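This report refers to the structure that appears directly beneath it.
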There are 2 protein chains.
Amino acid sequence: MGKPSEQRQEEIVISTIDLCAEQGVNKITTQVIADRVGVAQATIFKHFKTRDHVFEAVLRWLSGRMFKAVEPMFKSEASADVRLQNIICKQLEFASKHKALPRILFSDRLHSDSSVLKGIVQQVMARMTEAFTQLIQDGMDSGVFANQQSAQVMAKLVVSTMQGTLMRWSIHDYNFELQAEGQALYGYYMQALLANNPAPWSIEDK
Amino acid sequence: MGKPSEQRQEEIVISTIDLCAEQGVNKITTQVIADRVGVAQATIFKHFKTRDHVFEAVLRWLSGRMFKAVEPMFKSEASADVRLQNIICKQLEFASKHKALPRILFSDRLHSDSSVLKGIVQQVMARMTEAFTQLIQDGMDSGVFANQQSAQVMAKLVVSTMQGTLMRWSIHDYNFELQAEGQALYGYYMQALLANNPAPWSIEDK
DNA sequence: AATAAAAGTAATTAATTACTTACTTTTAAA
DNA sequence: TTTAAAAGTAAGTAATTAATTACTTTTATT
């Protein structure tokens with residue numbers, strides 16, 4: 001019966017991720033995926049009910065990976081500002097390794113009404129914002145961050161800035177150093193967080 | 001000869017903008033546009049060489065309108081912080097009135113390689129970033145903003161945050177108050193800008 | 001070895017849709 | 001009023017592509 005389904009499914013998912021990174025979402029037909037995997041087009045439908053189910057699996061694979069890379073950092077022992085810096089760094093690193101992520105994020109398939117993909121991204125964003133909120137609140141409680149405004153709004157700023165940066169990266173054909181740019185912006189909201197804190201920390205680019 | 005071309009062209013552009021706002025980019029076929037305008041599908045091609053040329057005109061129309069709304073504010077007499085606030089407010093207002101903008105911004109048609117649309121957006125973003133940079137530099141020179149870091153990086157933060165917010169708005173089906181959310185975030189980078197301004201200690205620039 | 005379930009395929013289908021063609025109608029100007 | 005150019009149209013065409021069908025091959029289990 002050929003390769004076991006689970007294995008083949010992952011092959012299809014990973015091939016699709018590679019193809020998305022190379023060419024974007026729209027151009028990736030089931031035929032193109034099949035060619036890359038090295039099977040017939042019809043075989044794709046033995047493993048996924050529809051083309052959209054492939055992309056659903058792709059998005060779950062990517063977000064799963066990202067959470068696995070980032071989640072332990074939220075719970076680390078380091079102080080809140082260091083944790084925040086590390087997480088942002090890790091997210092940028094992940095995105096820069098997976099162009100497929102912005103490609104899917106900025107596809108109209110995702111943004112179109114009642115898309116399953118959109119639901120997944122909503123969940124991921126909600127989870128991320130929640131985690132950032134806690135982290136920042138933590139920093140406020142422990143006196144690392146100034147607590148004159150809402151931790152949640154600050155978390156939204158972090159998430160929005162990340163996404164805006166990905167957008168700019170995509171628009172500029174991925175030809176600036178994502179991590180460097182992202183870190184530079186980080187310096188700014190760090191300032192907003194630390195503002196009025198009675199310590200003259202200077203923020204340096206890394 | 002029916003309606004003069006210029007008039008019909010604008011009808012097509014505006015109908016397409018409405019349709020994009022309602023249904024996104026992908027679903028808008030030349031047939032759908034023709035139906036909305038009330039002409040035959042073939043007529044579209046009497047006024048635009050290809051479907052993509054329609055979307056090009058749409059994007060130019062939208063960005064032209066946005067610049068017209070925002071450009072005078074860059075040059076107003078008000079102090080830099082007030083100008084910044086007003087411009088961001090205006091941009092958010094514009095976007096909230098034109099869902100078509102995020103819809104086009106997050107379409108893979110735009111993000112795909114060698115897309116004319118992408119080029120237009122690149123230009124608009126470059127122009128915006130440039131204008132923000134000058135505004136912020138202006139604020140630094142006049143002492144309204146602390147000038148410990150690069151005005152250009154700060155400008156990028158403003159633009160990225162705007163785009164990230166649009167992204168979040170789109171992902172959440174446009175059902176939060178864009179302007180309120182945006183203004184809340186504005187409060188934060190304002191803090192970064194004003195931070196340490198009246199403070200006794202002064203941090204050297206980078 | 002027998003066999004049933006799963007994996008695989010070639011060929012086809014059905015739907016979609018940008019764009020063209022060949023023709024008619026409208027309109028502004030000579 | 002003539003006329004030529006532009007606007008308009010109905011009816012295609014050709015290309016694309018997700019999904020199905022009807023069939024064959026592989027493989028794990030008994």
Side-chain angles (χ1 to χ4, degrees), chain A residues 1-20 22-59 103-104 107-110 112-117, chain B residues 1-20 22-59 103-104 107-110 112-117:
Chain A
M1 50 172 165
K3 289 203 184 183
S5 182
E6 218 173 82
Q7 209 171 315
R8 193 60 103 189
Q9 265 178 30
E10 194 170 29
E11 269 183 57
I12 292 170
V13 166
I14 289 172
S15 291
T16 305
I17 289 173
D18 291 345
L19 287 162
C20 279
E22 292 162 22
Q23 306 171 47
V25 178
N26 249 0
K27 288 171 186 162
I28 311 309
T29 65
T30 53
Q31 183 65 64
V32 170
I33 297 169
D35 288 349
R36 176 64 63 99
V37 176
V39 295
Q41 184 240 8
T43 303
I44 303 296
F45 292 92
K46 277 278 164 5
H47 298 280
F48 292 94
K49 211 177 161 196
T50 68
R51 177 177 180 273
D52 276 353
H53 279 80
V54 178
F55 285 95
E56 196 186 319
V58 161
L59 201 49
R103 287 229 137 113
I104 294 171
S107 68
D108 25 38
R109 184 166 302 273
L110 186 142
S112 75
D113 289 333
S114 68
S115 129
V116 183
L117 299 186
Chain B
M1 53 174 164
K3 290 203 185 184
S5 182
E6 218 173 80
Q7 209 170 315
R8 193 60 102 192
Q9 266 178 30
E10 195 171 27
E11 271 183 56
I12 292 170
V13 165
I14 289 172
S15 291
T16 306
I17 289 173
D18 291 346
L19 287 162
C20 280
E22 292 163 20
Q23 306 171 45
V25 178
N26 249 0
K27 287 172 187 163
I28 310 309
T29 65
T30 53
Q31 183 65 65
V32 170
I33 297 169
D35 288 348
R36 176 65 63 100
V37 176
V39 295
Q41 184 236 14
T43 302
I44 303 297
F45 292 92
K46 277 276 168 358
H47 299 279
F48 293 94
K49 213 178 160 194
T50 68
R51 178 179 181 271
D52 276 353
H53 280 81
V54 178
F55 285 96
E56 195 186 321
V58 161
L59 202 48
R103 286 228 139 112
I104 295 170
S107 68
D108 27 37
R109 184 166 303 272
L110 186 143
S112 75
D113 289 334
S114 69
S115 130
V116 184
L117 298 186

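No hydrogens, no waters, no symmetry mates; every other heavy atom, side chains included, goes into these values. Everything numeric here is computed off the predicted structure, so don't read it as measured data. Residue numbering restarts at 1 for every chain, and letters A, B, ... go by the order of the sequence lines.
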Could you state the [atom1]-[atom2] distance from [X] to [N], rounded to the nearest angstrom?
{"X": "A:Phe45", "N": "C:dT13", "atom1": "CZ", "atom2": "P", "result": "17 Å"}
{"X": "B:Gln41", "N": "D:dT13", "atom1": "CD", "atom2": "P", "result": "15 Å"}
{"X": "A:Arg8", "N": "D:dT26", "atom1": "CZ", "atom2": "P", "result": "13 Å"}
{"X": "B:Gln7", "N": "C:dA28", "atom1": "CD", "atom2": "P", "result": "11 Å"}
{"X": "B:Arg109", "N": "C:dT17", "atom1": "CZ", "atom2": "C1'", "result": "11 Å"}
{"X": "B:Gln9", "N": "D:dA6", "atom1": "CD", "atom2": "C1'", "result": "13 Å"}

Can you tell me how far the CG atom of A:Asp108 sits from the CG atom of B:Leu110, to the nearest 0.5 Å?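 The CG atom of B:Leu110 is 9.5 Å from CG of A:Asp108, to the nearest 0.5 Å.
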When rounded to the nearest 0.5 Å, the distance separating CZ of B:Phe48 from CD1 of B:Ile33 is 9.0 Å
Sorted by first residue and then second, give each salt bridge (charged side-chain N to carboxylate O under 4.0 Å, His left out) pair with at least one member in residues 25-48 of chain B; sequence neighbours left out.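 Checked against salt bridge (charged side-chain N to carboxylate O under 4.0 Å, His left out) - neighbours excluded - the pairs reaching residues 25-48 of chain B are B:Glu22-B:Arg36.
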Looking at DNA chain D, which of residues 48-55 of chain A put a heavy atom within less than 4.0 Å of it? A:Thr50, A:Arg51
Scan B:Val54, B:Val58, B:Thr43 and name whichever one has a side chain to side chain contact (heavy atoms under 4.5 Å, CB included) with B:Ile12.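 That would be B:Val54; it is the only one of B:Val54, B:Val58, B:Thr43 passing the side chain to side chain contact (heavy atoms under 4.5 Å, CB included) with B:Ile12.
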Please walk me through it: do B:Asp18 and B:Arg103 pass salt bridge (charged side-chain N to carboxylate O under 4.0 Å, His left out)? CA-CA 11 Å; B:Asp18 291 346; B:Arg103 286 228 139 112; over 6 Å; no
Considering every strand and a 4.0 Å limit on heavy-atom distances, what is the contact class for A:Thr29: base, sugar-phosphate, or nothing?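 The answer is sugar-phosphate, as A:Thr29 gets under 4.0 Å only of primed atoms, P, OP1 or OP2.
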Between B:Asn26 and A:Asn26, is there a side-chain heavy-atom distance shorter than 4.5 Å? yes
For the residue pair A:Leu19 and A:Val32, establish whether any side-chain heavy-atom pair is separated by less than 4.5 Å. yes
Side chain B:Arg51, main chain B:Ile28, donor-acceptor under 3.5 Å: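 Indeed, once roles are kept as given, a pair shorter than 3.5 Å links the two residues.
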Can you pull out the residues from residues 30-40 of chain A that lie within a 4.0 Å heavy-atom distance of DNA chain C?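 Residues of residues 30-40 of chain A under 4.0 Å from DNA chain C: A:Val39, A:Ala40.
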Have a look at B:Arg8 and tell me which of B:Glu11, B:Glu6, B:Glu10 forms a salt bridge (charged side-chain N to carboxylate O under 4.0 Å, His left out) with it. B:Glu11
A:His47 side chain near C:dA6 phosphate (N/O to OP1/OP2, under 4.0 Å): no
Quick check on DNA chain D: between A:Lys46 and A:Ile28, whose nearest nucleotide comes earlier from the 5' end? A:Ile28
